[in-house]
Participant: 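Sharing a structure here in structure tokens format.
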Amino acid sequence: MPEVLAPGAVIGIIGGGQLGRMTALAAAPLGYRCHIFTPEEDSPASQVAERTTVASYDDEVALSAFAASVDVITYEFENIPVDTVERLSKLAPVRPRPSVLAVSQHRVAEKDFARDAGAGTAPYRHVTSFEQLRKAVEEIGRPAVLKTCRFGYDGKGQVKIAAETDLAEAWESLNTDDAVLEGFVSFEKEISVIVARGLDGTSRAFPVAENHHVDHILSTSTVPAAIAPETEAAARAVSEALAERLDLVGLLAVEMFVTSDGKVLVNEVAPRPHNSGHWTQDGCATSQFEQFVRAVTGLPLGPVDVRFPTVMQNLIGDQVEQWKTIVAEPDAKLHLYGKAEARPGRKMGHVNRIRVS
Ligand code: AMP
């Protein structure tokens with residue numbers, strides 16, 4: 001029997017964004033307290049958590065004090081230095097373990113890992129110079145996508161290599177010597193699975209969400225996904241296999257493409273709650289945030305059945321103004337993140353529209 005953290009224990013969350021906020025909100029009914037570590041004043045997470053340390057991610061003194069004050073440490077975004085998390089793991093259990101972070105922080109490590117686990121990916125080459133880019137484009141062909149290996153998100157740090165694209169310009173524009181060239185997948189759908197794995201090694205994959213992006217940012221996630229049952233089963237199985245191979249304790253979000261012949265290709269993984277899992281808050285027997293809390297505290301995982309077909313819609317930038325009409329819709333559940341300023345592209349909240357009948 002793994003060691004279960006009893007209610008009253010403190011979960012330390014590195015990162016103060018909306019994922020930390022919704023994790024802290026899900027921890028409260030189970031009796032846990034949350035301590036947020038973030039460089040940001042008045043962060044979305046700290047507004048709803050018992051305690052916050054505001055300090056930079058390289059402030060070793062603050063990090064040690066944080067670690068000493070919590071019973072378990074997790075994180076709500078993955079761009080924290082692995083060294084920092086390694087050091088913290090000497091002071092308190094870190095879940096998911098630091099090696100999981102290392103895989104998710106580098107696109108080539110991520111793809112190598114997925115391939116080694118038997119998952120399909122787009123064809124790819126690690127590219128560290130312009131010469132290598134030229135060679136990789138010859139091998140993979142056009143169209144292709146060139147991405148920085150680290151710190152890319154929402155389409156930032158990537159450029160499409162079309163038939164007419166000037167390679168030198170594309171290479172210059174990324175301004176890196178650590179990139180990956182991927183073959184362009186003419187996918188039929190983009191889907192994702194959030195899989196949870198508990199301290200006892202049990203894993204449970206949430207139903208597949210079908211994702212629609214606008215300007216490279218997730219716009220909607222729909223559950224159930226309109227895919228064949230075999231594709232749904234394959235996507236969930238691949239996600240569970242990845243979680244198992246990482247010896248994960250926590251959540252893993254797996255973003256995938258479905259090709260026209262029904263094949264599932266892994267695009268990206270993230271060891272944390274994910275925007276495409278927000279539908280679970282109102283449409284699923286257990287929300288991804290509660291499941292996350294259950295996994296890192298050693299509780300048994302909750303059931304993942306769909307309770308209501310759900311469409312999650314992000315409220316980005318000034319779309320947040322729609323709150324006024326959303327709150328009057330009978331089957332809409334509004335989730336706002338407490339961010340003061342609605343900048344373009346900024347995720348301000350989301351709405352889950354559930355189908356009750
Ligand atoms: P990423 O940052 O890898 O999640 O990519 C952002 C978005 O770009 C994805 O959600 C896809 O819509 C698109 N994309 C990324 N990689 C590829 C690819 N190899 N082929 C086709 N589309 C891609």
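Counting starts at 1 for both ligands and their atoms, following the listed order. All residue numbers refer to positions in the sequence shown, counting from 1.
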Participant: Considering both backbone and side-chain atoms of Arg107, is one of its nitrogen or oxygen atoms within less than 3.5 Å of a nitrogen or oxygen in ligand 1?
Facilitator: yes
Participant: In the single-linkage hydrophobic clustering (I, L, V, M, F, W, Y; side-chain heavy atoms under 4.5 Å), do Ile36 and Leu5 co-cluster?
Facilitator: yes
Participant: Is there a heavy atom of Lys156 sitting under 4.0 angstrom from any atom of ligand 1?
Facilitator: no
Participant: Calculate, to the nearest 0.5 Å, the distance between atoms CD and CH2 belonging to Gln288 and Trp279 respectively.
Facilitator: 9.5 Å
Participant: At a 4.0 Å threshold, what atoms of ligand 1 neighbour a non-hydrogen atom of Glu190?
Facilitator: 9 (C), 10 (O), 11 (C), 12 (O)
Participant: By number and element, which atoms of ligand 1 are closer than 4.0 Å to a non-hydrogen atom of Asn267?
Facilitator: 1 (P), 3 (O), 4 (O)
Participant: Any idea which atoms of ligand 1 are less than 4.0 Å away from a heavy-atom of His213?
Facilitator: 10 (O)
Participant: Aromatic rings His278 and Phe289: how do their planes relate, parallel, tilted or perpendicular, breaks at 30° and 60°?
Facilitator: tilted
Participant: I need the atoms of ligand 1 closer than 4.0 Å to a non-hydrogen atom of Gly183, numbered in the order shown.
Facilitator: 18 (C), 19 (N), 20 (N)
Participant: Could you identify the single nearest non-hydrogen protein atom to atom 4 (O) of ligand 1 and state the distance to 0.1 Å?
Facilitator: Glu268 OE1, 2.8 Å
Participant: Give me the nearest non-hydrogen protein atom to atom 23 (C) of ligand 1 as residue plus atom name, then the distance to 0.1 Å.
Facilitator: Phe257 CZ, 3.7 Å
Participant: Is a salt bridge present between Asp331 and Arg355, judged by a nitrogen-to-oxygen distance below 4.0 Å?
Facilitator: no
Participant: Identify the closest protein heavy atom to atom 16 (N) of ligand 1: which residue and atom is it, and at what distance?
Facilitator: Lys147 NZ, 2.8 Å
Participant: Kindly confirm or rule out a cation-pi arrangement of Lys189 over Phe257, judged by NZ or CZ under 6.0 Å from the six-membered ring centre and within 45° of its axis?
Facilitator: no
Participant: Got the closest protein heavy atom to atom 20 (N) of ligand 1, with its distance?
Facilitator: Val185 N, 2.8 Å
Participant: Measure centre to centre between the rings of Phe77 and Tyr57, then say whether the value is under 6.0 Å.
Facilitator: yes
Participant: For the residue pair Val127 and Trp171, establish whether any side-chain heavy-atom pair is separated by less than 4.5 Å.
Facilitator: yes
Participant: To the nearest 0.1 Å, how far is atom 2 (O) of ligand 1 from its closest protein heavy atom, and which atom is that?
Facilitator: Gln158 NE2, 3.0 Å
Participant: What are the atoms of ligand 1, with element, lying closer than 4.0 Å to any heavy atom of Phe187?
Facilitator: 12 (O), 21 (C), 22 (N)
Participant: With the threshold set at 4.0 Å, does a side-chain nitrogen-carboxylate oxygen contact exist between Glu232 and Arg236?
Facilitator: yes
Participant: Given the protein's heavy atoms, is any one of them under 4.0 Å from atom 13 (C) of ligand 1?
Facilitator: no
Participant: Nearest protein heavy-atom contact for atom 7 (C) of ligand 1: which residue, which atom, what distance?
Facilitator: His216 ND1, 4.1 Å
Participant: When hydrophobic residues are tied together by side-chain contacts of less than 4.5 Å, even through go-betweens, does Val193 share a cluster with Val264?
Facilitator: yes
